[in-house]
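Model, not experiment: these values are computed from the prediction.
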Amino acid sequence: MTLDPAGPRPHPTGTGSSFHRMWRELLPLGRHPASGGYRRFAWSGVDGDCRAWFQEQARARGLTCETDRNGNQWAWLGDPAAGDAVVTGSHLDSVPDGGAFDGPLGVVSAFAALDELRGRDARFTRPLAIVNFGDEEGARFGLACVGSRLTAGQLTREQAHRLTDGEGVTLPRAMEAAGYDPDAIGPDPERLARIGSFVELHVEQGRALDLSGDRVGIASAIWPHGRWRFDFRGEANHAGTTRLADRRDPMLSYAETVLAARREAELAGAVATFGKIAVEPNGVNAIPSLVRGWLDSRAADQDSLDAVVTGVEKAAGEYAAAHGVELAVVRESFTPVVEFDHALRDELARILGKDTGLTVPVLGTGAGHDAGILSGSIPTAMLFVRNPTGVSHSPAESATEDDCVAGVLALADVLEGLACT
């Protein structure tokens with residue numbers, strides 16, 4: 001049985017009970033009744049509800065909860081100033097109509113893993129923190145991992161202040177409305193210096209574990225990936241009176257470019273998706289003057305990604321010229337390949353195989369994560385929990401009860417190995 005918004009059945013173990021109690025509390029927050037998906041967008045009212053939930057979990061466990069200058073939440077066990085802390089967690093925001101597991105599974109599992117370790121009477125020799133990174137998905141302002149990017153210095157205050165949502169609301173205005181100071185945001189090297197390692201648990205966004213029959217895996221690397229905006233500018237005109245030969249229709253160029261992206265991705269063994277589009281004037285009986293489409297592309301290596309994007313841009317230029325349309329391409333974000341810390345990755349494999357002698361699968365991923373952003377500053381690693389369908393960023397995203405509990409126990413073993421005697 002999969003965990004669903006109707007509420008999971010209790011698990012017989014204490015760990016399962018802890019996990020499912022929190023899961024039931026978090027599930028209704030931001031769930032859209034029509035789509036069944038989640039709309040937990042940064043600095044919204046629902047985001048505030050999720051943050052309040054996080055604070056309550058920290059308070060109930062006697063942890064010290066703080067929000068840093070960039071809006072990331074931290075729940076501390078032990079003295080943060082002691083340094084060499086072990087940190088785990090993920091994020092609570094979502095893509096539009098996203099699934100329940102992407103992000104929240106890592107946060108709920110972190111609290112449940114702490115409960116498990118306390119049940120084992122584990123003795124902590126290093127500080128432990130559970131984190132909820134803000135605006136990981138980028139659903140509102142168009143840039144992923146804003147909270148961790150700011151912290152790691154990969155996004156400046158000035159750049160962040162220029163971010164605007166679809167309603168024209170700027171990031172500073174949204175932060176102020178939520179009660180936060182947008183002028184305080186920026187790099188936080190002192191905080192990063194306190195962290196010895198960061199381990200993020202996440203539902204797998206693919207079917208590798210389902211195909212291998214494993215419940216839990218370890219991440220090897222994150223594929224290089226980015227987002228490019230394609231602006232096709234033509235001429236608005238009447239849909240019923242303008243001859244086909246007289247049209248400068250940017251929708252035609254855009255449609256052909258979508259197909260080109262699929263072809264280039266297949267040739268390179270990569271992925272490429274036009275998943276967002278804006279049309280002006282957006283009338284049923286009007287030829288568009290502007291079609292703006294966003295390309296998301298990812299590949300196992302940089303050369304393959306470059307080949308896809310170059311091929312798509314070349315094809316788009318040719319199609320635009322053929323239809324008398326102007327084209328502009330803007331790279332809005334880019335993350336190079338992320339190799340997770342090999343020593344930490346190997347330590348996770350050693351810990352998880354210590355009592356069983358089993359080899360935990362190591363797999364790459366095409367999805368970006370806060371762990372990938374932080375990897376340039378501190379040692380990071382990731383655990384994946386099996387996703388039986390491989391579906392993600394959708395209400396159909398799922399994981400079984402037993403696999404979720406297996407993930408909690410694996411995370412608890414890892415934290416015990418890293419932070420306890």
Side-chain angles (χ1 to χ4, degrees), residues 35 39 41-44 95-98 135 137-144 146 155 158-174 225-265 270-298 305-335 393:
S35 70
R39 299 181 181 182
F41 305 144
W43 310 116
S44 66
V95 299
D97 290 323
D135 199 6
E137 295 290 7
R140 182 173 182 183
F141 297 101
L143 178 65
V146 170
L155 179 68
E158 293 72 25
Q159 290 170 329
H161 279 196
R162 290 196 293 269
L163 295 175
T164 305
D165 70 10
E167 304 299 321
V169 178
T170 64
L171 175 66
R173 181 178 161 194
H225 57 280
R227 297 176 181 180
W228 290 261
R229 191 185 78 232
F230 285 66
D231 293 347
F232 297 90
R233 294 187 181 275
E235 181 180 54
N237 215 326
H238 196 294
T241 62
T242 309
R243 296 191 316 152
L244 295 180
D246 294 336
R247 300 185 180 202
R248 295 174 54 218
D249 187 350
M251 186 63 77
L252 296 177
S253 304
Y254 170 73
E256 291 170 319
T257 301
V258 172
L259 298 177
R262 176 60 180 257
R263 290 196 304 271
E264 295 296 329
V271 292
T273 307
F274 275 99
K276 179 180 177 181
I277 183 174
V279 181
E280 296 179 9
N282 204 27
V284 175
N285 60 349
I287 299 166
S289 60
L290 170 67
V291 174
R292 177 169 286 155
W294 282 263
L295 171 70
D296 180 299
S297 189
R298 309 165 190 235
L305 180 60
D306 290 343
V308 171
V309 177
T310 299
V312 175
E313 287 190 24
K314 181 175 182 294
E318 292 172 351
Y319 297 139
H323 296 291
V325 170
E326 297 176 2
L327 171 68
V329 181
V330 178
R331 189 179 78 177
E332 292 193 338
S333 68
F334 174 73
T335 303
H393 285 187

Participant: D306: which residues meet the salt bridge (charged side-chain N to carboxylate O under 4.0 Å, His left out) condition with it, sequence neighbours left out?
Facilitator: none

Participant: Under 3.5 Å, side chain of S35 to main-chain N/O of D97, donor-acceptor pair present?
Facilitator: no

Participant: Do any N or O atoms from the side chain of R233 and from the backbone of V325 form a donor-acceptor pair under 3.5 angstrom?
Facilitator: no

Participant: In Å and rounded to the nearest 0.5 Å, what is the CZ to CG distance from R229 to D231?
Facilitator: 4.5 Å

Participant: Roughly how far, to the nearest 0.5 Å, is CG of L163 from OG1 of T170?
Facilitator: 9.5 Å

Participant: Could you tell me the separation between the CD1 atom of I287 and the CE atom of M251, rounded to the nearest 0.5 Å?
Facilitator: 11.5 Å

Participant: Taking D135 first and then R140, would you say they form a salt bridge - that is, a charged N and a carboxylate O separated by under 4.0 Å?
Facilitator: no

Participant: Where do E264 and A307 come nearest, in terms of heavy atoms and distance?
Facilitator: OE1-O, 4.0 Å

Participant: Please round to the nearest 0.5 Å and tell me the distance separating atom NE2 of H161 and atom CG of L171.
Facilitator: 6.5 Å

Participant: If you take all heavy atoms of E313 and V329, which pair is closest and at what distance?
Facilitator: OE2-CG1, 3.7 Å

Participant: Less than 4.5 Å apart, any side-chain heavy atom of V169 and any of T164?
Facilitator: no

Participant: Which atom names give the shortest non-hydrogen contact between P250 and P288, and what distance separates them?
Facilitator: CD-O, 3.1 Å

Participant: Checking L305 against F334 for the side-chain contact (heavy atoms from CB on, under 4.5 Å) test, could you report, in this order, the C-alpha distance in whole Å, the side-chain angles of both residues, the deciding distance, and whether it holds?
Facilitator: CA-CA 11 Å; L305 180 60; F334 174 73; 3.6 Å; yes

Participant: Answer yes or no: is there a donor N or O on one side and an acceptor on the other, between the side chain of R247 and the main chain of A239, under 3.5 Å?
Facilitator: yes

Participant: Taking side chain as C-beta onward, heavy atoms only, is E167 less than 4.5 Å from D165?
Facilitator: yes

Participant: If every non-hydrogen atom of V309 is compared with every non-hydrogen atom of S297, which pair is closest and at what distance?
Facilitator: CG2-CB, 4.4 Å

Participant: Kindly determine whether E332 and W294 satisfy side chain to side chain donor-acceptor pair (under 3.5 Å), including the steps that lead there.
Facilitator: CA-CA 9 Å; E332 292 193 338; W294 282 263; 3.0 Å; yes

Participant: Show, in sequence, the C-alpha distance, side-chain angles and deciding distance for R162 and E158, and conclude whether the salt bridge (Lys or Arg N to Asp or Glu O under 4.0 Å) test is met.
Facilitator: CA-CA 7 Å; R162 290 196 293 269; E158 293 72 25; over 6 Å; no

Participant: Can you confirm whether W228 sits close enough to S333 that some side-chain heavy atom of one is under 4.5 Å from a side-chain heavy atom of the other?
Facilitator: no

Participant: So among T273, T257, V308, V312, which one has a side chain to side chain contact (heavy atoms under 4.5 Å, CB included) with L295?
Facilitator: V312

Participant: Any donor-acceptor pair under 3.5 Å linking the side chain of R248 with the backbone of E235?
Facilitator: no

Participant: Considering non-hydrogen atoms only, spot the tightest contact between P281 and A286 and give its length.
Facilitator: CG-CB, 4.0 Å

Participant: Please identify which of these residues, F274, Y254, Y319, meets the ring-ring contact (aromatic ring centres under 6.0 Å, His included) condition with F230.
Facilitator: F274

Participant: Find out whether L290 and V279 are in side-chain contact, i.e. whether some heavy atom of one side chain is under 4.5 Å from a heavy atom of the other.
Facilitator: no

Participant: Sub-3.5 Å donor-acceptor pair from the side chain of R227 to the main-chain atoms of G142, do we have one?
Facilitator: yes

Participant: For A160 and P172, work out which heavy atoms get closest and say how close.
Facilitator: O-CD, 4.4 Å

